[in-house]
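Notes for the one structure printed next.
Just so we're clear, the structure is a prediction, and the values are computed from it rather than from any experiment. Letters A, B, ... mirror the listed sequences (proteins, then strands); counts begin at 1.
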2 protein chains.
Amino acid sequence: MGATMHDVALIAGVSVKTVSNVINDYPHVRPVTRNRVLAAIAELGYRPNLTARGLRSGKTGIIGLAVPELRENYFAELADSVIRAAEKHGLGVLVEQTNGDRDTERLVISGARMHFTDGILFSPVGMGQADAPLLDVPFPLVLLGERIFNGPTDHVTMHNVSSAVATVEHLLSIGRRRIALVGAEGDDDSDASSWSLRTRGYRRALDQAGIPGNERLVRRTSHWNRAGGAAAIHEMVAEGQEFDAVFALNDALALGVLRGLQEVGLRVPEDVAVVGFDNVDESQYAVPSLTTVDPGREEIAATAVELLVERINEKGVKAPPRTVKADFHIVSRESTGAGPVPSPLVAATPRVELPT
Amino acid sequence: MGATMHDVALIAGVSVKTVSNVINDYPHVRPVTRNRVLAAIAELGYRPNLTARGLRSGKTGIIGLAVPELRENYFAELADSVIRAAEKHGLGVLVEQTNGDRDTERLVISGARMHFTDGILFSPVGMGQADAPLLDVPFPLVLLGERIFNGPTDHVTMHNVSSAVATVEHLLSIGRRRIALVGAEGDDDSDASSWSLRTRGYRRALDQAGIPGNERLVRRTSHWNRAGGAAAIHEMVAEGQEFDAVFALNDALALGVLRGLQEVGLRVPEDVAVVGFDNVDESQYAVPSLTTVDPGREEIAATAVELLVERINEKGVKAPPRTVKADFHIVSRESTGAGPVPSPLVAATPRVELPT
DNA sequence: GTGAAAGCGCTAACAA
DNA sequence: TTGTTAGCGCTTTCAC
């Protein structure tokens, strides 16, 4: 295999300590010595063995990222952001997929896999509030998303309730009154789920506007995907429900809603305005382009990595768990009547900005 | 931090070797002893230190995956498949993004980052044929995709030429004669690029059918994205070109083509049939759903991991570099007139299957 | 400013 | 069947 520090020391005619000093930029090394060492390193093509270094230092420089599935746009984009953020800290990212499966999630958290990592970013979907105690693990762990509250770990999440309020207010402001809601849910159904929080915001906004809620317009499908969104539309139309707007609790559902509306012959936004949630890249390319809530994914990723790094470097007594919420924005596009984007070459930018 | 093997040995009243034997399922351990050790392990919550093990064995159980960007659907799905395939071999996957940037790709290949990995799966986009010599690296490396031929490494790729031929033949078979082609290209433009190979197949199929090529219908945009696809349509229409089909060299371009056609008032598939390439999840949800070439992504991922594992375990003289091509299929959907999918709840399945 | 030597936690000869 | 021991390649006191 590769050359070792010892080999370098031999060729340079110095001790391994000196080689180590050079590699680690220890200041007090004579330039002559340093150059001799550098020459030897170049000559042998020496590369420090990170495994050995990891053994010594107790750190690997790798963090784990556990998400349901990379093929889901939101998580692919989240992983993208996390990898970029980690890179700035000189960290590599080991990606693990849980499939949103509770048992797999538990396994990841048990540290059974992911043992090379200095810490883990974990986006739970299958686990719920009841599993909170399991999160009290002996390694740095930061939670992404909103499934579990008041857990024993740091937690980076979004303004689910207030962004939902703002979304409905936006729909009201453009004159919509019969606003349907389409969401989904996994195994668990605690008060901390996306469904619960965003639905709460929806009801609150309607209340505040003095508009009576209509439970027939609140739809819940089994999956957070397009099929679910399209099915919800077909159901409502089949039942003869009337509505002039749909708030879909994620973009995949919203894209399905767009397709469903097209299939039943309803125009967007003329007949029905549509808003999604997540601001995945794709939402801007949909036909019509999709108005959606940008929950601050970049900020979430950067903050989460930041917190994790702090925890990794933390010594002595642990600081109490922290919760951070990213700023959100409503990105107004064609599906709520924002002037047609001039050309697909121009990326849509936020029109309405409603910080926390 | 955690307990060590030594602690376990102490509590169990045995030597570290015995503990090691138990952990590694060494057969000749008396059940009584084994149980005592297991009890001690449980009591201390002992977990083997993988870093130390890695130092000893010279392996980490981690492979690297270098792709341009996870936010590009194709690569997210590829990463998904790779992670699943790696898991079956008990390997973790460290994901690195190159942004398709030649220098970053070179850096990754230099092993500057990725130093913890036993080997790397690399999907080059910025590098080209000229960089082939750089691929002669001192660690296991398997190439994904078709940028570089006859390199010094194993290579898993797709049937670019023959699948393009089959695609055009499919369009001819449904009566289209004025078939446009929309592709893009990166820095390099060797004969091994997606553009070159797929375009070659396109021309060959037209030749074989005795249809004269029309270079005004061959469009090349700067990026493999929707904006590029939409722009190509706008250009051709502005120039007054007439065409009854578009073969887009990837799905992102094809989705942009769909949007562009809609914007200029052309119907799909009545006026223009559209075929993409990649079979990303999204293609099946587009409106209309997109006919596309499935290049065998799952198989590519599984094969690549397989080859890499073989290389990692290879001792002595290296076997010569191998090239493997995955089977492809044409997935026929609405954009070429396949009967409308009954409901978005039903995932479209391949209709036309054209193995190598 | 540089060297010698002791481990980090684990595995695998080699002994017993 | 189990124990002893020597490293894997690196960092890091502690001398010099």
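Out of C/dC10, C/dA5, C/dG1, the shortest distance to the side chain of A/Arg30 is found at C/dG1. When distances run from any side-chain atom of A/Thr18 to the nucleotides C/dT11, D/dT2, C/dG3, the shortest one goes to C/dG3.
The pair B/Arg71-A/Asp281 meets the salt-bridge criterion, since a charged nitrogen lies less than 4.0 angstrom from a carboxylate oxygen.
For B/Arg56 and D/dG7, a side-chain-to-base donor-acceptor distance below 3.5 Å is present, hydrogens and geometry of angles not being considered.
Across the protein-nucleic acid pair, B/Leu55 atom CG and C/dA12 atom P stand 13 Å apart, rounded to whole Å. Atom NZ in B/Lys17 sits about 9 Å away from atom C1' in D/dG3, given to the nearest Å. Computed from coordinates, the A/Asn21 CG to D/dT12 P distance equals 10 Å when rounded to whole Å.
Residue B/Tyr46 places at least one side-chain N or O under 4.0 Å from the OP1 or OP2 atom of C/dC10.
Judged by closest nucleotide on DNA chain C, A/Arg34 is the one of A/Ala52 and A/Arg34 placed further toward the 5' end. Between B/Val16 and B/Ser57, the residue anchored closer to the 5' end of DNA chain D is B/Val16, taking for each the nucleotide with the nearest heavy atom.
The overall bend of the helix from C/dG1-D/dC16 to C/dA16-D/dT1, read as the angle between its terminal helix axes built from five base pairs each, is 40° when rounded to 10 degrees.
Residue A/Ser20 is in base contact, counting any heavy-atom pair closer than 4.0 Å across all strands shown. Contact annotation for B/Thr33: backbone-only contact, meaning every heavy-atom pair under 4.0 Å involves sugar-phosphate atoms and none involves a base.
For A/Arg84, the salt bridge (charged side-chain N to carboxylate O under 4.0 Å, His left out) partners are A/Asp80, B/Glu69, not counting sequence neighbours.
Nearest heavy-atom pair across B/Val305 and B/Ala86 is CG1-CA, 4.0 Å.
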